[in-house]
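Please read all numbers here as calculations on a predicted model, not as lab measurements.
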Amino acid sequence: MQAQLNQREQELRDEQARLAIPKPYAKDAQAILRIASFPSDQVLKALEATQIEGVKVTSIDLSPEAGTARVELEFTDQGQLMRYIDDINAGESKPRWVLQQAKMQKQGVGTAVLSSSWSSPGGPPTR
């Protein structure tokens, strides 16, 4: 009877050890989940809905795994750029889009980079 009890205890320890080993595909599955749950449609809707004369989107970089978006803009007037940022953040409890860089060129056209976060660390996308 004691031998059977010892054997069963060993089987349970073996099972616990087996379950503690991460599956080889677990990281890939988590990455796929982050990509699939990234709200790219919401990012694009926000960009499409924000139309300010003198501000033009020239590049969009979505990073679903990081939960971020990066947008490059051209602008003709710094005031219009600031209005664009205000408009794209309208309705947010805190500004989602942040100006990372802005540079005015001699030809009267400037370039700017905005970034935004669309997920909380370790959690599902927010908005």
Side-chain angles (χ1 to χ4, degrees):
M1 175 97 123
Q2 184 63 32
Q4 288 176 333
L5 184 57
N6 289 341
Q7 181 181 358
R8 182 64 184 140
E9 285 177 348
Q10 183 60 43
E11 288 172 0
L12 288 173
R13 282 193 294 274
D14 291 346
E15 180 68 12
Q16 287 175 338
R18 185 184 65 77
L19 293 174
I21 298 171
K23 303 290 185 215
Y25 55 82
K27 284 185 181 181
D28 292 336
Q30 289 174 341
I32 290 169
L33 178 61
R34 282 191 300 274
I35 291 169
S37 64
F38 185 75
S40 56
D41 58 333
Q42 290 179 3
V43 175
L44 297 175
K45 280 181 190 176
L47 293 168
E48 290 173 356
T50 308
Q51 301 292 318
I52 301 294
E53 188 173 332
V55 179
K56 176 173 68 171
V57 174
T58 58
S59 173
I60 301 170
D61 180 22
L62 303 179
S63 299
E65 284 194 63
T68 61
R70 182 179 180 276
V71 176
E72 293 180 14
L73 306 167
E74 284 184 355
F75 63 95
T76 56
D77 178 73
Q78 192 172 14
Q80 295 298 81
L81 173 62
M82 299 315 292
R83 184 170 161 223
Y84 182 91
I85 295 169
D86 288 342
D87 283 4
I88 202 167
N89 281 316
E92 298 287 347
S93 58
K94 66 178 188 173
R96 180 182 301 277
W97 294 90
V98 178
L99 179 64
Q100 296 296 319
Q101 175 183 344
K103 216 185 308 184
M104 195 65 170
Q105 308 296 329
K106 290 182 181 179
Q107 301 85 358
V109 175
T111 58
V113 176
L114 303 181
S115 65
S116 65
S117 177
W118 292 82
S119 66
S120 55
T126 58
R127 181 152 195 195

>> Let's go through Ile52 and Phe75 carefully: what are the C-alpha distance in whole Å and the side-chain angles of both, what is the deciding distance for side-chain contact (heavy atoms from CB on, under 4.5 Å) to 0.1 Å, and is it a yes or a no?
In response: CA-CA 10 Å; Ile52 301 294; Phe75 63 95; over 6 Å; no
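In this structure, the side chain to side chain donor-acceptor pair (under 3.5 Å) partners of Gln2, at least two apart in sequence or on a different chain, are Asn6. Annotation: salt bridge (charged side-chain N to carboxylate O under 4.0 Å, His left out) contacts of Glu11 (sequence neighbours excluded): Arg8. In terms of the side-chain contact (heavy atoms from CB on, under 4.5 Å) criterion, residue partners of Gln100 (sequence neighbours excluded) are, by chain and number, Val98, Val113, Ser115. Judged as a side chain to side chain donor-acceptor pair (under 3.5 Å), and not counting sequence neighbours, Asp41 has no contacts. Partners of Gln10 according to the side-chain contact (heavy atoms from CB on, under 4.5 Å) rule, which considers only residues two or more places apart in sequence or in another chain, are Arg13, Asp14. The side-chain contact (heavy atoms from CB on, under 4.5 Å) test applied to Lys103 returns Gln101, Gln105, Thr111, not counting sequence neighbours. Taking Ser116 as the reference, Trp118 meet the side chain to side chain donor-acceptor pair (under 3.5 Å) condition, with sequence neighbours excluded.
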Would you be so kind as to tabulate the donor-acceptor pairs closer than 3.5 Å made by side chains of residues 80-87, with sequence neighbours excluded?
unit_1: Gln80; atom_1: NE2; unit_2: Glu53; atom_2: O; d: 3.1

For residues 57-74, run the donor-acceptor check on the side chains, cut-off 3.5 Å, and write out each pair with its distance to 0.1 Å, sequence neighbours left out.
unit_1: Thr58; atom_1: OG1; unit_2: Glu72; atom_2: O; d: 3.2
unit_1: Arg70; atom_1: NH1; unit_2: Glu72; atom_2: OE2; d: 2.8

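Between Ile32 and Tyr25 there is no side-chain heavy-atom pair separated by less than 4.5 Å.
Annotation for Asp77 and Gly79: closest pair OD2-N, 3.0 Å, computed over non-hydrogen atoms.
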